[in-house]
Amino acid sequence: MTQHEAPEADMLPGLRAAVDDARAKAAATRRRKAAAWEPAATDPVARVLVDIALAHLDRPFDYAVPVSMADTAVPGARVKVRFAGQDVDGFVVERASTSDHTGSLQPLRRVVSPEPVLAPEIAHLSETLARRYAGARSDVLRLAVPPRHATAEKAPSPAAPAVPTVTSTAWSEVEHADAFLRHLATGGAPRAVWSVAPADDWPAMVAEAVAATYGGGRGALVCVPDRRDVARVDAALTSVLGEGHHVCLTADGGPAARYRDFLAVSRGARRIVVGTRSAAFAPVHGLGLVVLWDDGDDLHAEPRAPYPHTREVLLARAEQQGTAVLIGGAARTPEAQQLVTSGWAHELAVPRAVLRRRVRVEAVPAEDRSVGTRIPRAAYDAVRRGLTTGPVLVQTPRAGYAASLACDTCRTPARCTACTGPLALAGPTEPPQCRWCGHTEAAWACAACGGRGLRAPVRGEARTAEELGRMFAGTTVRSSSGDRVLDRVGASADIVVATVGAEPVADEGYAAVVLLDTWLTLARDDMRVAEEALRRWLNAAALVRAGGHVVAVGDPAHPALQALVRWDPAGFARREADERAQAHLPPAARMATVTGDLGALDDVLHLLDLPEAAEVLGPVPVDGEHRVLLRVPWSAGDALSHSLGDLQRLRSARKLDPVRIQVDPLSI
């Protein structure tokens, strides 16, 4: 024993008391911890979905519920758990009395919040979507449940006012609409694909369908492509139902406002939701109707894994929860038409006689670009006549002044001498500039003929507005494109030049609509090019007032322009679906793409157990990587998803090089 060590008996009384006190405190701490980790008396097992996007771990794990958390670790609550040596987030999806795990269970670390933000139906939906898109449930839940905001969570959600009585008027000319609305009001689950006619006030019609469902004691969910559409439906619902009955779920208001509105829905204080694609997961209580507007818009395709499409999310919810469905738009996708053809949904549309009364549509040939003007006489006359009674909309497919330039002599595209990129004009007095590297060509000369003159075979919205201003001197010309998008215009006789998707709504409708350069909209190399072109034209043409005039400048013989002239989106969708069926393309077939480096794709093709009818196309180079396309008949779509899910789990467990898998990609 050294001089620094002494037996306890030789300790000073004060030091001995301090040691005894420390030991007593340590023992008390151990007793408290033991009591804290004591399992709950009722349902001591929590099944937790951990926030780890590893396919082979994509399942609930069992944890012990301490008695201290027995009342807060409710299904749907956020928790922290110990997983693979670290603390991770998760959701409690179920409480149970027993576990299949044979060893001792790890206890929950803590309950982050007792607020049940993951509804059982959304947990079930996440499993369905993860299986369909060969993804992980944790990735789906990141789309479904917004990040927590503690301050917003502490505030109560105000109750909605009494449900008003609403009389439907906007649907009066739509065949079978009365029966559809009646079924909604009486608790039925009708399913319809709805074609909007020119001059229809579609936000008001959506609001009346929602009001019919709401009046019957059920909730409703409306998904639209963008913020401008949300604002229109928001205003229509306020007009029909009044304030305080619905919420808008968008990211525009910031995380606090979004979480506050999400909680109002989750708590049942609001039963009507309007929003963009993430709103498709809103936990609406007593959901009775899901509405999807313009399902052909590519904004409905989620750009984050597992890349679900809003249409498929809502259709899966409708199947699981037994809700009514309304898919509407001026255009119609082959996928929506397939729902009608199969008998899954019925069609809602106005009679042909009403269409003929509402609008007159014509297609006129474009000018010879070596001579003549850009705007044909028929389009000029439509603008001139329209200005006598109201505003006129001119749609152009490109923004800017001159989207591309060519030699004025030989029509060879003008290219940058530094990087061979395309040249463009930013304005009438600006020198041509490269769109790729920004190099200014102050003294450009054509490499083919030596000519120095430039012309614009494709003009942007700014150049179009300038030309129309010269043609119709004294008329106000307004532009809407890019970051200068107009939401609404009044009834004054102005010319509104807008790019695709930036067309403002006129208070009383447009007297005339002119669609320029339709050939450019059809020039993309994509399976859906004609479908997308018709959708863009119909969306603009539908803004015309009753009795208005629509002129499309392009090849009148093109099937898409013929469908526009007849205003026949359903017939066009049927023909598109038939042609794609003959070519084994969606929606008659199901497809998936696998993208990565060649070594990773070689592993995929060796490990993947495909259905018998599957075809493997590729690999082909795409944007610095390589891609394999997998195709199966529609009936084997679930089997393809199952095979890709098994592949993901196998690759994840073996830690192989990553690949990107997209099931049913929007474009190929």
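In this chain, residues are counted from 1 in sequence order.
Note on Asp87 versus Lys80: no salt bridge recorded, every NZ/NE/NH1/NH2 to OD/OE distance being 4.0 Å or above. Ion pairing of Glu153 with Arg260 is absent here, as no side-chain N (NZ or NE/NH1/NH2) approaches a carboxylate O to less than 4.0 Å. Classification of Arg528 and Asp298 as a salt-bridged pair fails, no side-chain N sitting under 4.0 Å from a carboxylate O. Contact check on Arg304 versus Asp139 returns no salt bridge, with no Lys/Arg side-chain nitrogen under 4.0 Å from an Asp/Glu carboxylate oxygen. Using a 4.0 Å cut-off between charged side-chain N and carboxylate O, Asp295 and Arg311 make a salt bridge. Ion pairing between Arg131 and Asp638 fails under the 4.0 Å rule for side-chain N and carboxylate O.
Applying the 6.0 Å contact sphere to NE2 of His346 captures no more than 12 heavy atoms from other residues, nucleotides or ligands. Annotation: His285, atom NE2; neighbour count of heavy atoms from other residues, nucleotides and ligands within 6.0 Å is above 12. Other residues, nucleotides and ligands contribute over 12 non-hydrogen atoms within 6.0 Å of the CG atom of Asp226.
Residues Gln338 and Pro587 are in side-chain contact: their nearest non-hydrogen atoms beyond the backbone lie under 4.5 Å apart. Looking at heavy atoms from C-beta onward, Thr521 lies in side-chain contact with Arg536 at the 4.5 angstrom threshold. Taking 4.5 Å as the limit, every side-chain heavy atom of Val81 sits out of range of all side-chain heavy atoms of Gln106. When side chains are defined from C-beta on, Ser195 counts as touching Arg332, because their heavy atoms get closer than 4.5 Å. Between Leu640 and Met591, the closest side-chain pair of non-hydrogen atoms is not below 4.5 Å. Considering only heavy atoms from C-beta on, Leu287 comes within 4.5 Å of Leu221 through its side chain.
When all heavy atoms of Pro107 and Tyr63 are compared, the closest pair comes out as O-CD2, 4.0 Å. Shown here for Asp297 and Leu299, the closest heavy-atom pair between the two residues is OD1-N, 2.9 Å. Among all heavy-atom pairs drawn from Ala305 and Leu143, the shortest one is O-CD1, 4.4 Å. The minimum heavy-atom distance linking Pro225 with Thr276 is given by the pair O-CG2, 3.6 Å. Shortest non-hydrogen contact noted between Trp202 and Arg232 is NE1-NH1, 3.4 Å. Of all heavy-atom pairs between Trp293 and His300, the closest is O-NE2, 3.0 Å.
Looking at Glu121 and Gln320, their side chains never bring a donor and an acceptor atom within 3.5 Å of each other. Judged purely by distance below 3.5 Å, without hydrogens or angles, the side chains of Ser278 and Arg258 pair a donor atom with an acceptor atom. In summary, the side chains of Ser157 and Arg267 do present a donor paired with an acceptor at a separation below 3.5 Å, with no hydrogens or angles considered.
Just one of Thr250, Val291, Asp234, Leu237 meets the side chain to side chain contact (heavy atoms under 4.5 Å, CB included) condition when paired with Val274; it is Leu237.
Distance CZ/Arg660 to OG1/Thr595: 4.5 Å, rounded to 0.5 Å. Taking CG of Leu339 as the start and CD of Glu347 as the end, the distance is 12.0 Å to the nearest 0.5 Å.
Partners of Ala491 according to the side chain to side chain contact (heavy atoms under 4.5 Å, CB included) rule, which considers only residues two or more places apart in sequence or in another chain, are Glu508.
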key: Worked check of ring pair (Phe, Tyr, Trp, His ring centres under 6.0 Å) between Phe83 and Phe61   = CA-CA 10 Å; Phe83 192 89; Phe61 289 86; 5.0 Å; yes
